Participant: 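Have a look at this one before I ask anything.
Atom set for the values below is all heavy atoms of this structure, side chains included, hydrogens, waters and symmetry mates excluded. A quick note: this is a predicted structure, and the numbers were derived from the prediction, not measured.
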Amino acid sequence: MQPAALTNCMAIPMSKALPAKLYANDALAHAGEVAQWTLLLLGWLWLGDQGSRLGWSLASGVMAVALWWTARLLCRGQAWVFRCPPMLSGLVGLLTALGVALTSLLPDHAAAHLSLLTVALLWGLWSAMVETRSHVSTFEMGPLAWHPLLAAALVVLVLHLPESLQITPWTVSFLLTLCALVLWMRDQRIFRRVAVCRGPQAPIESLLAPSAMGLMMGSLWLDNTWCAGLGWRTDAMVAFHLALMACLPVLMAGLLRSWGATRVSPRVQAQVVLVLLLGGALMLLGSSVWQAVLAIVLPSLAWALHCCRTRQFQATASLMSPWMVRSLSLLLGPLLLLWVGATSSVDGPWPLRAAMLLFGVLAAGTLALGFSSKARFHLAT
């Protein structure tokens with residue numbers, strides 16, 4: 001099995017993974033990690049906000065987020081992404097930033113919709129390029145993974161400027177331009193052409209937590225999900241979800257580091273992720289506010305632990321082929337989000353609840369299969 005590059009959210013086979021300590025004192029590498037997290041957080045929040053603001057009735061406005069997510073999944077890990085020059089990634093980033101500014105200037109509603117969908121596709125392609133060509137994980141670059149926190153602060157700054165300065169599309173475009181510049185400079189320094197890429201390979205349990213987290217972030221702007229039923233204001237819900245996505249991985253990485261990597265095996269971490277997903281699904285069966293909050297927090301904890309996992313831990317026999325990984329990722333991710341958006345306008349929070357319950361059922365089934373396989377192994381020996 002090829003070594004795996006330590007990317008933020010999934011393992012991508014590369015010709016050679018570089019040790020994180022090479023980048024520990026590299027300011028450009030740290031700036032690139034902040035830019036990469038900014039790209040991710042803004043993708044979920046800005047595209048979702050624009051889909052909701054433009055009031056597109058199709059799939060309740062989640063189409064832009066679904067397209068961005070689809071482009072990321074389809075392009076991430078592709079061989080041509082490894083081989084393309086850094087200039088192409090930088091150009092796609094600049095076009096994305098320009099498209100963000102252009103969308104706000106178009107007076108025609110249909111043209112604004114088309115521009116937003118085009119920006120979503122470009123943004124997804126750019127994100128896939130950045131994630132695929134990243135050589136090191138945020139959580140391996142030092143004792144504290146501060147990069148998501150700084151990225152979240154930048155996102156809050158551009159989305160919630162004082163009223164006298166609030167020209168959000170232009171500030172988002174400016175921040176994306178800075179990210180494109182930083183990421184191009186980082187890519188220019190570490191770029192190495194790779195002739196062969198087998199694509200992403202992973203067991204099914206590694207797909208559940210990112211899909212569940214993405215579903216919660218993608219459905220954030222729906223007006224009738226169970227999150228909205230908590231009675232929170234929109235800015236409070238956005239801040240809560242941003243904190244879950246940016247802060248929980250940092251806290252989890254610090255906890256694992258203080259606990260000691262040798263005391264928590266990667267297999268146990270994978271099982272804990274499944275248990276957290278199952279627990280979040282069970283919380284949906286209750287009706288209290290705290291159960292609703294736990295139904296959000298527990299899957300977020302599962303995703304945070306998934307981000308901090310040891311990428312090299314994958315039993316070869318349990319790995320799915322790249323086409324199966326992408327197919328299941330699309331089915332459990334953007335396609336499920338589109339279904340939730342299309343049906344929630346009629347059925348309220350129940351489609352999202354059903355989707356999260358599906359992740360709980362899949363987690364329970366994976367746990368049961370793992371335990372039964374372990375029992376058969378002990379009986380055979």
Side-chain angles (χ1 to χ4, degrees), residues 6-10 20-21 23-49 93 123 127 130-131 134-162 168 171-172 174-183 185-186 209-210 212-214 216-218 220 232 234-259 261 269 273 276 293 296-311:
L6 299 179
T7 57
N8 281 325
C9 294
M10 74 178 293
K21 60 184 178 183
Y23 299 111
N25 298 317
D26 189 339
L28 183 58
H30 288 287
E33 286 300 309
V34 174
Q36 185 170 334
W37 275 95
T38 303
L39 198 63
L40 177 68
L41 297 176
L42 266 180
W44 288 116
L45 295 181
W46 191 83
L47 289 171
D49 175 50
W123 201 326
S127 299
V130 171
E131 293 169 11
S134 178
H135 287 261
V136 67
S137 170
T138 299
F139 308 101
E140 301 288 337
M141 294 183 66
L144 176 64
W146 50 269
H147 312 82
L149 301 179
L150 180 55
L154 292 174
V155 170
V156 170
L157 180 64
V158 300
L159 294 181
H160 297 282
L161 287 175
T168 299
T171 55
V172 171
F174 177 71
L175 182 57
L176 289 177
T177 301
L178 288 181
C179 290
L181 178 61
V182 170
L183 291 169
M185 292 172 62
R186 183 185 72 171
M213 189 66 184
M216 287 197 298
M217 292 298 293
L220 171 62
W232 296 349
T234 300
D235 56 348
M237 282 199 301
V238 171
F240 180 60
H241 282 72
L242 184 61
L244 290 176
M245 200 164 201
C247 299
L248 284 184
V250 177
L251 295 175
M252 187 64 68
L255 181 62
L256 290 175
R257 187 180 294 272
S258 63
W259 185 261
Q269 291 183 33
V273 167
L276 289 171
V293 172
I296 302 173
V297 172
L298 291 180
S300 302
L301 282 172
W303 178 78
L305 185 57
H306 164 84
C307 287
C308 304
R309 76 199 186 285
T310 302
R311 271 61 168 188

Participant: To the closest 0.5 Å, what do you measure between CG (L301) and CE (M252)?
Facilitator: 5.0 Å
Participant: Could you check whether any side-chain heavy atom of M216 comes within less than 4.5 Å of a side-chain heavy atom of L220, counting everything from C-beta outward?
Facilitator: no
Participant: Look only at the side chain of S127 and the backbone of W123, and say whether a donor-acceptor pair between them is shorter than 3.5 Å.
Facilitator: yes
Participant: Taking all heavy atoms of G32 and all of R186, pick out the closest pair and write down the distance.
Facilitator: C-NH1, 3.5 Å
Participant: Side-chain contact, heavy-atom cut-off 4.5 Å: M213 with P299?
Facilitator: no
Participant: Nearest 0.5 Å, please: how far is CE in M245 from OG in S300?
Facilitator: 9.0 Å
Participant: Indicate the atoms forming the closest heavy-atom contact of A246 with A152, along with that distance.
Facilitator: CB-CB, 3.6 Å
Participant: Quick one: are the ring centres of W44 and H241 less than 6.0 Å apart?
Facilitator: no
Participant: What's the shortest heavy-atom distance between V182 and A35, and which atoms?
Facilitator: CG1-CB, 4.3 Å
Participant: Can you label the angle between the H147 ring and the H30 ring as parallel, tilted or perpendicular, going by 30° and 60°?
Facilitator: parallel
Participant: Side chains of L244 and W303, heavy atoms from C-beta outward: is any pair under 4.5 Å?
Facilitator: no
Participant: Report the distance from atom CD of E33 to atom OG1 of T138, rounding to the nearest 0.5 Å.
Facilitator: 3.5 Å
Participant: Do the side chain of S258 and the main chain of L255 share a donor and acceptor less than 3.5 angstrom apart?
Facilitator: yes
Participant: Rounded to the nearest 0.5 Å, what separation is found between the CG atom of L157 and the CG atom of L175?
Facilitator: 8.5 Å
Participant: Answer whether the closest heavy-atom distance between the side chains of V172 and L159 falls below 4.5 Å.
Facilitator: yes
Participant: Would you check if L150 and T38 make a side-chain contact, meaning some heavy-atom pair closer than 4.5 Å?
Facilitator: no
Participant: Would you mind reporting whether L256 and Q269 have side-chain heavy atoms less than 4.5 Å apart?
Facilitator: yes
Participant: Specify the closest pair of heavy atoms between P249 and C308, including all atoms of both residues, with the distance to one decimal.
Facilitator: O-SG, 3.4 Å
Participant: Contact between V293 and V297 at the side-chain level, heavy atoms closer than 4.5 Å - yes or no?
Facilitator: yes
Participant: Looking at F240, I want to see if its CZ is surrounded by more than 12 non-hydrogen atoms of other residues, nucleotides or ligands under 6.0 Å.
Facilitator: yes
Participant: Do C247 and L149 have side chains that approach each other closer than 4.5 Å (heavy atoms only, starting at C-beta)?
Facilitator: yes
Participant: Tell me the closest heavy-atom pair linking M217 and L45, and the distance in Å.
Facilitator: CE-CD2, 4.1 Å
Participant: How long is the gap from CG on L144 to CZ on F139, to the nearest 0.5 Å?
Facilitator: 10.5 Å
Participant: Working to the nearest 0.5 angstrom, can you tell me the gap between L305 CG and L248 CG?
Facilitator: 11.0 Å
Participant: Looking only at heavy atoms, which two atoms of V250 and A145 are closest? And how far apart?
Facilitator: CG2-O, 3.0 Å
